[in-house]
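Everything on this sheet refers to the single structure shown next.
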Amino acid sequence: MNTADVVIVGGGFAGAATAFHLARRGAGKIVLLEREAIPGKHASGRNAALGFTSIDEPEVAALAREGLAFIRGEASELAGHVIFRPSGSLLVASAHETAARLRAQAEAQRDQGLAWWSADEIVAAVPVLRDARLLGGVWSAGDGVVDIHALLQVYLHGARAAGAVVRYRAAVTAVDCHGERVVAVHSTNESWSCGALVNAAGAWAGQVARLVGTRSFELEPRRRHLFLGRPRAAVDRNWPFVWHADVDTYFRPEADALLLSPCDATPHPPVEPVTDEEAKLLLAEKLAAAFPQLADVNIVSGWACLRTFAPDEQFVIGPDPEVAGLFWVAGLGGHGMTTSYAVGRLAAAAVLGENAGELAHFSPCRFLERRDGSVTSAAFRQ
Ligand SMILES: Cc1cc2nc3c(=O)[nH]c(=O)nc-3n(C[C@H](O)[C@H](O)[C@H](O)COP(=O)(O)OP(=O)(O)OC[C@H]3O[C@@H](n4cnc5c(N)ncnc54)[C@H](O)[C@@H]3O)c2cc1C
């Protein structure tokens with residue numbers, strides 16, 4: 001049996017960023033186990049690559065701003081090239097109620113770089129929105145497109161450079177507990193005795209929790225499609241990312257084409273999803289309603305991937321309320337890439353027993369509190 005201080009299950013953004021912070025902080029022997037032969041085979045390598053901070057939950061928006069600052073700065077230095085294209089983003093509205101809410105959000109976060117744009121300002125920046133009957137939108141100048149594979153490698157290289165061990169083709173298949181404490185982890189090829197296990201298995205985090213024997217709460221993976229398409233109108237590579245808040249669909253330039261999503265959110269078992277033709281029809285319907293000039297887009301390729309949510313759709317970061325030595329970094333939904341640096345920092349702090357205040361909002365203990373109406377002392381066991 002090998003020995004580790006911390007074993008991390010999953011080499012997506014959640015696990016890689018946690019390994020990066022733990023290793024850099026000298027938290028002992030860190031081992032990351034990834035089931036696939038390459039990193040980023042699932043959500044972390046197949047998302048829309050939007051560094052997006054126009055988020056209405058303040059706790060998540062703060063993590064996104066911290067994450068994007070890292071991507072623009074230190075991550076680009078570590079990668080050896082700029083891994084961020086500052087396109088800006090527009091969250092647009094056509095309903096009065098939505099416009100009022102977004103306008104209030106823009107005003108409240110003016111000092112964070114958000115601004116309210118009129119429909120005329122939006123059409124001047126993105127002429128293809130001329131027929132969209134918009135009332136306005138939130139402009140976020142600091143947002144942009146991230147080289148997600150480079151970012152994932154920044155975390156994995158950084159973790160290895162600081163002494164972490166990263167194993168691929170290493171599926172975690174069993175976890176040993178002594179009493180209610182994690183003591184060892186078994187993968188397809190090796191076994192590790194450990195003091196802490198970090199569950200960063202994305203859509204499979206529920207399965208890993210069952211290996212440990214904890215059932216504090218259920219996570220729900222939801223399938224979402226992305227398509228690459230060419231509209232008849234010419235695409236300007238400098239357009240921002242545009243999300244229609246009322247119709248719920250988005251696009252951004254990808255070279256001479258557009259990356260588009262129908263923003264589907266179909267509950268799906270934790271298996272790699274296949275592309276569903278229905279999603280293409282949904283996209284066509286939504287484009288006709290939201291962005292009529294893009295309704296004739298010719299779809300050239302597409303893929304589907306899983307976003308994973310906790311019951312209250314908030315991130316889950318921190319110690320498990322029932323099993324000592326088990327830590328969660330899961331349920332990152334649709335913001336796990338942008339926020340990854342901050343999520344990894346918080347997860348590392350949780351493993352090191354720090355920062356209880358900042359972690360409270362994301363703690364898995366909230367599910368236990370809701371079940372029996374009080375916090376059990378087990379919630380604070382390390
Ligand atoms: C279509 C789509 C678009 C998105 N767009 C954006 C965006 O524009 N901006 C943004 O910030 N976020 C976006 N997201 C969200 C973001 O991609 C996710 O929040 C993030 O990638 C989740 O990272 P993760 O590490 O939790 O999960 P994953 O990337 O799924 O990583 C989990 C890893 O765990 C491994 N694993 C599972 N079980 C085991 C096991 N038993 N043993 C070993 N390894 C195991 C898996 O192989 C996998 O590699 C999008 C998501 C989707 C699906």
Side-chain angles (χ1 to χ4, degrees), residues 7-19 31-53 55 60 63-64 67-68 71 89 143-146 148 151-152 155-156 166-175 185-189 197-212 219 221-227 241 243 250 252 259-266 268 270-273 275 279 302-309 315-317 328-344 347:
V7 172
I8 298 169
V9 191
F13 279 117
T18 304
V31 175
L32 185 152
L33 303 175
E34 166 54 52
R35 182 183 53 198
E36 305 292 349
I38 51 163
K41 184 154 185 280
H42 300 289
S44 296
R46 300 202 289 166
N47 58 66
L50 308 167
F52 186 62
T53 57
I55 300 168
V60 181
L63 299 186
L68 209 48
I71 291 166
S89 75
D143 291 354
V145 181
V146 178
I148 52 175
L151 179 61
L152 196 53
Y155 294 131
L156 293 167
V166 178
R167 295 270 203 265
Y168 296 104
R169 298 184 206 272
V172 168
T173 51
V175 176
V185 176
H186 306 278
S187 74
T188 24
N189 308 315
L197 169 65
V198 177
N199 183 359
W204 296 268
Q207 288 182 354
V208 170
R210 279 189 281 282
L211 292 179
V212 181
L219 290 165
R222 297 178 196 160
R223 186 185 62 190
R224 172 156 291 183
H225 286 75
L226 290 170
F227 293 102
F241 154 62
W243 195 323
Y250 63 72
R252 68 162 173 82
L259 184 79
L260 310 112
S261 178
C263 293
D264 46 328
T266 315
H268 196 279
V271 290
E272 195 172 335
T275 312
W303 64 94
C305 207
L306 299 176
R307 301 174 310 141
T308 302
F309 293 87
F315 293 0
V316 185
I317 309 170
W328 291 81
V329 197
L332 303 184
H335 299 297
M337 184 278 293
T338 313
T339 58
S340 53
Y341 176 82
V343 163

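Each ligand, and each atom within it, is numbered from 1 in the order the structure gives.
Between Gln207 and Pro270 there is a side-chain heavy-atom pair separated by less than 4.5 Å. Val166 places none of its side-chain heavy atoms less than 4.5 Å from the side chain of Glu34.
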Show me a pair-per-line table, with atom names and distances to 0.1 Å, of protein N or O atoms that are under 3.5 Å from an N or O of ligand 1.
| from | atom 1 | to | atom 2 | distance (Å) |
| --- | --- | --- | --- | --- |
| ligand 1 | 5 (N) | Ala48 | N | 3.1 |
| ligand 1 | 8 (O) | Ala49 | N | 3.4 |
| ligand 1 | 8 (O) | Leu50 | N | 2.9 |
| ligand 1 | 9 (N) | Leu50 | O | 3.0 |
| ligand 1 | 11 (O) | Met337 | N | 3.2 |
| ligand 1 | 11 (O) | Thr338 | N | 2.8 |
| ligand 1 | 11 (O) | Thr338 | OG1 | 2.7 |
| ligand 1 | 12 (N) | Gly334 | O | 3.1 |
| ligand 1 | 17 (O) | Ala43 | O | 3.3 |
| ligand 1 | 17 (O) | Asn47 | ND2 | 3.2 |
| ligand 1 | 19 (O) | Gly333 | O | 3.0 |
| ligand 1 | 19 (O) | Gly336 | N | 3.1 |
| ligand 1 | 21 (O) | Ser44 | N | 3.3 |
| ligand 1 | 21 (O) | Ser44 | OG | 2.9 |
| ligand 1 | 23 (O) | Ser44 | OG | 3.2 |
| ligand 1 | 25 (O) | Phe13 | N | 3.2 |
| ligand 1 | 25 (O) | Ala14 | N | 3.0 |
| ligand 1 | 29 (O) | Ser44 | N | 2.9 |
| ligand 1 | 29 (O) | Ser44 | OG | 2.6 |
| ligand 1 | 41 (N) | Val172 | O | 3.2 |
| ligand 1 | 42 (N) | Val172 | N | 2.8 |
| ligand 1 | 44 (N) | Arg35 | N | 3.1 |
| ligand 1 | 47 (O) | Glu34 | OE2 | 2.6 |
| ligand 1 | 47 (O) | Arg35 | NH2 | 3.4 |
| ligand 1 | 49 (O) | Glu34 | OE1 | 2.7 |
| ligand 1 | 49 (O) | Glu34 | OE2 | 3.1 |

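Residue His335 holds its NE2 atom at 10.5 Å from OG1 of Thr53, rounded to the nearest 0.5 Å.
Residues meeting the side-chain contact (heavy atoms from CB on, under 4.5 Å) test with Ala14, sequence neighbours left out: Ala200, Val329, Leu332. Evaluation of the salt bridge (charged side-chain N to carboxylate O under 4.0 Å, His left out) rule for Arg223 yields Asp276 as partners, not counting sequence neighbours.
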All N/O donor-acceptor pairs, side-chain side in residues 41-48, below 3.5 Å, sequence neighbours left out:
| from | atom 1 | to | atom 2 | distance (Å) |
| --- | --- | --- | --- | --- |
| Lys41 | NZ | Glu272 | OE1 | 3.2 |
| His42 | NE2 | Glu36 | OE2 | 2.8 |
| Ser44 | OG | Phe13 | N | 2.8 |
| Arg46 | NE | Lys41 | O | 3.2 |
| Arg46 | NH2 | Glu272 | OE2 | 3.4 |
| Asn47 | OD1 | Ala49 | N | 2.8 |
| Asn47 | ND2 | Ala43 | O | 3.0 |
| Asn47 | ND2 | Ser44 | O | 3.3 |

